[in-house]
Amino acid sequence: MIVSSTNTAKPATGIPALLKTAFVNALIALVLFSLMVGIRTEAGSDGQLTYWTRFGEVASLVAAVFGGSIVIGLLRQWIGPNGTDKLVPPAVRSGMSFLGRYLAPVLLIFTVLVPVIFYDQRYILDLAILVLTYVMLGWGLNVVVGLAGLLDLGYVAFYAVGAYSYALLATNFGWSFWVCLPLAGILAAFWGVLLGFPVLRLRGDYLAIVTLAFGEIIRLVIINWQSLTGGPNGVSSIPRPSFFGIPLDNSDNGLAARLGIEYSPTHRIVFLFYLILALALLTNWVTIRLRRLPIGRAWEALREDEVACRALGINTTTTKLTAFATGAMFGGFAGAFFATRQGFISPESFTFQESALVLAIVVLGGMGSQLGVALAALAMIGGFELFRGLETYRMLVFGMAMVLIMIWRPRGLIGHRAPTVYLTKAQAISSDLVKEGHG
Amino acid sequence: MDYFAQQLINGLVLGSIYGLIAIGYTMVYGIVGMINFAHGDVFMIGGFIALITFLILVSLGLTAIPVILLVVLLVSMAITALYGWTIERIAYRPLRHSFRLAPMLSAIGMSFVLTNYSQVAQGARVKPIPPFITGGYTLHESTDGFVIQLSNIQIMVVVTTIVLLALFTWLVSRTRLGRDMRACEQDQTMAALLGVNVDRTISMTFVIGAALAAVAGLMYLLYYGLVDFFMGFVAGIKAFTAAVLGGIGSLPGAMLGGLAIGLIETFWSAYFSVEYKDVAAFSILIVVLIFMPTGLLGRPEVEKV
Amino acid sequence: MSGDEILGVDRLTMRFGGIVAVQDLSFAAERKKITALIGPNGAGKTTVFNCITGFYKPSGGAIRLTHDDGKVIALERLNDFRIAKQAKVARTFQNIRLFPGMTALENLMVAQHNALMRASGFTFLGLIGAPVYRDAEKHAIDLATDWLKRVNLLDRADDAAGNFSYGDQRRLEIARAMCTEPALLCLDEPAAGLNARESAALSELLLSIRNELGTSILLIEHDMSVVMEISDHIVVMDHGVKIAEGSPREIRDDPKVIAAYLGTDEEEAVAVMESGS
Ligand SMILES: Nc1ncnc2c1ncn2[C@@H]1O[C@H](COP(=O)(O)OP(=O)(O)OP(=O)(O)O)[C@@H](O)[C@H]1O
Ligand SMILES: [Mg+2]
């Protein structure tokens, strides 16, 4: 660290140096964009490639890089090398930690009230359901990545297993959501164990690629096993959930009719909202509970030092497997919910991007922190939604945001770990001490 | 038998392309210990730049195929290398001593950026080029009329790969840069104390990896006659799989893994089903790792306690 | 050696490729005694520990562990976590391996994993908050508190282990190993990096473990003052083989040991050996 900083940190002092850097950056940008942006290719109707030039765009991009470099350079000189420390003054920090204590309950109360406050705003309700789905997925993956320190790049596979389990059981056998929900979780956990058993002794990046490969295998099988899954066309007309057997429609024995109130399609949305809220809170409750049980402590110990765990007589294989299966089970629940909410699922919803998104939520949240994961899901999905208008630019901005966020807070939003047991006083542990696992 | 021989040729050609990309993964992994998720997209960018250069040269009225090829190769290698350098500078260097997942997510973010940058800049549609290098040799013709063909483009892919590998092996084993790279791989702090410019060495690793990916991009363009903005993802995952299969960190392993994945895919498509070729490749990866947890040529991990 | 041995190592051999780290090593450790394993750097001491505790599979030889009830366990046939769990052998590491992001108390709770796991009905009883588990947890906290008191870290129970000083980490690691309630405690250089006062406290701690709890101890140590003061029996290794064995007095006077231990410079060797007396 010391060594590299002597190499890199040649602080550009003075305006000439600043201009020089900006100029070099602009030159690099010019080369980078010259062909990719400057020449636009397109296949014509006859299959012949044509092209046209867009030098104006290149010029503005290069100018933007030049200007941006100067602005960043000035900011850097102004703030100094330890930028982030100054950006967030200590007073604000202590305020934030004070806020942190009350943030979770306030957030929870607000969430419970969302359908009341935004009853007429379907868009917000839908968005809230989406955010909660990702909160749940994030909490589920958090067990694997945040607590046990196992890198899972194919979490979406379990989400898919859950979704397809419910969709297929419900459409083929007409089983109700409430029967299928636990089954979806069990099936996903089963697949987690099936994958985990042989591969969990792999370490680090080998485990990463195997989970990634598994995610792709599941997706490819879904695409190609047409007779069962409908292939790329997916499964449609998946039954909507009932209120414990009472349908939520405007039929005579629908919930609205039975309660004697006027039917509105929003009823179902509100029901779905509370359903996913309940599922997410269940995930949260179970995780918090498990953390304080020997199994959860073993997960965290595994993340800290696997060799020491073995020396203490902990069966690391089964410990990893339970973490994997628990995470998979929550993923399966979320998948079943996704299927019943959408009424239609197809392999497109279960791509690697989805895994990456959930992983980003967990890491941004601050490995292992439940509140952090919830905030990260809100920020990511909400932020993503802000760019809805800019269709193609959306993923571009999203990718950039991911890079910037990692540089800004490599250890995530919540930078400390709460102990699971204490004698006199629970003291937060700085995340600098917390390990991230090897597997 | 003839059918088998033909598939073998096809598999080796595909495997060469995967191998070239896989080297980029393995090199970066060896030296900074991170999975460069954006590398597949660097390959895609290389393919695009080759396509655009090609288009410009043709529209300028150039007809000498060797000249065109050489210029396209050099331009796409140079510009793609600059992409590689820039990516490292922006997205990875600030996170070099950070914890393990941060650079990886940064790389995933960078991959999204590149994919969508390419989509925004060049549109979503597939870009085909007319067959450029044609002709070939008939190696064998059996009585029932089946011919084994070796096309010129296949020869070119394989020869280019071999030449590049030879060059690359020389670079790593004989030059000062190669020595610095190996030193950084062992111990960056120590290397820096002994006067190795670590930052530059790491930058050069990305530059070389990206240049090789650009060559792979050009080969892909010539062999399949098309590029699109999404090709980096699939090729990237395959090449990464190849690198891991061969034993990540090992350069011969990357090439071996690339060939293995290419062959598995080709043979599976030929004898079983095209749809499940990727499933086969990934499944074999998993099976191999179960029995050889550090890949085919990876150093077995000794657990010092 | 008398019949009451807890650990019997018989012709243990460990090879790494061409290197023979341990060759035909035989020795025994007596129950409720402190046996020291000493020898110059690279002699193969840690390798012996790794074979005993299952981190390495021995290339040859047998390791027997005899429990108080007379049950004999062949350690070379058990692998890693089972040795700690079933054979009740606990260890510490030459380069401390605590869980740095967990508090001292949590470290000691993790050590009681197997007992707590059973009490929590393999998690299910614990999840619903069954009283059985709550009692077991309280008991575990009591045990942990007791050990924190013994190693003098009670006031730091709720601090992250990663924040502890070197000496505190060493003692916490011993406490953690003891929380598994082992029959045999293997310590790999527990006094390394400690100052004289801390070393003396360590000697006292180890003696109290032996005397009050009757736990057998196998000890690797370079600090001769500790070794000579507390060991009942000493085994000396060099280049993977045993070169001497005996009481502290015998070892101190053994010219072979002196020569091997510190090369040919006998005067210096004598000086070091004397420092233990
Ligand atoms: N996993 C391994 N692979 C290869 N060689 C090993 C391995 N573990 C130990 N060795 C070798 O075995 C020999 C003995 O090492 P060991 O660590 O047992 O010595 P030691 O007596 O504990 O020394 P020290 O007092 O320095 O701790 C050394 O030459 C070492 O290099
Ligand atoms: Mg040692």
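Every chain is numbered from 1, with letters handed out A, B, ... down the list of sequences. Every heavy atom of this structure was used, including side-chain atoms; hydrogens, water molecules and symmetry mates were not.
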Using a distance-only test with no angle check, is there a side-chain donor-acceptor pair under 3.5 angstrom linking [X] and [Y]?
X         : Y         : answer
Tyr155(A) : Thr211(A) : no
Ser203(B) : Arg93(B)  : yes
Thr50(A)  : Glu42(A)  : no

Given a strict heavy-atom distance threshold of 4.5 Å, which part of [X] is in contact with chain A: side chain, backbone, both, or neither?
X         : answer
Tyr92(B)  : neither
Met104(B) : side chain
Glu275(B) : both
Ser118(B) : both
Leu285(B) : side chain
Leu114(B) : neither
Pro293(B) : both
Thr241(B) : both
Ser283(B) : both
Val126(B) : backbone
Ile290(B) : both

Highest number of heavy-atom pairs under 4.5 Å with chain A among Ile45(B), Thr115(B), Thr80(B), Ile52(B) belongs to Ile52(B)

Max heavy-atom pairs within cutoff under 4.5 Å with chain A, candidates Tyr117(B), Tyr276(B), Phe48(B), goes to Tyr117(B)

[X] portion near chain B, given a 4.5 angstrom heavy-atom threshold:
X         : value
Glu57(A)  : neither
Leu364(A) : neither
Val221(A) : both
Leu357(A) : neither

Does Arg96(B) pair with Glu88(B) as a salt bridge, N-O distance under 4.0 Å?
-> yes

Does a side-chain N-to-carboxylate-O contact under 4.0 Å join Glu265(B) and Lys277(B)?
-> yes

Considering only heavy atoms and a distance below 4.5 Å, find which of [options] pairs most often with chain B.
options                                   : value
Leu49(A), Val210(A), Leu195(A)            : Leu49(A)
Val31(A), Ile209(A), Leu35(A)             : Ile209(A)
Ile405(A), Ile223(A), Thr41(A), Val403(A) : Thr41(A)

Does any non-hydrogen side-chain atom of Val227(B) lie less than 4.5 Å from one of Met44(B)?
-> no

May I have the step-by-step check of ring pair (Phe, Tyr, Trp, His ring centres under 6.0 Å) for Phe37(B) and Phe352(A), ending in yes or no?
-> CA-CA 12 Å; Phe37(B) 261 99; Phe352(A) 171 68; 5.7 Å; yes

Sort out for me which residue in Ile56(B), Leu51(B), Ile49(B), Leu55(B) forms a side-chain contact (heavy atoms from CB on, under 4.5 Å) with Ile39(A).
-> Ile56(B)

Using modelled atom types only, decide if a donor and an acceptor are shared between the side chain of Ser98(B) and the backbone of Pro410(A) within a distance under 3.5 Å.
-> no

Distance-only, no hydrogens or angles: does the Arg219(A) side chain make a donor-acceptor pair with backbone N or O of Thr351(A) under 3.5 Å?
-> no

Does Arg411(A) make a cation-pi contact with Phe99(B) (under 6.0 Å, within 45 degrees of the axis)?
-> yes

What's the shortest heavy-atom distance between Gly253(B) and Ser250(B), and which atoms?
-> N-OG, 2.9 Å

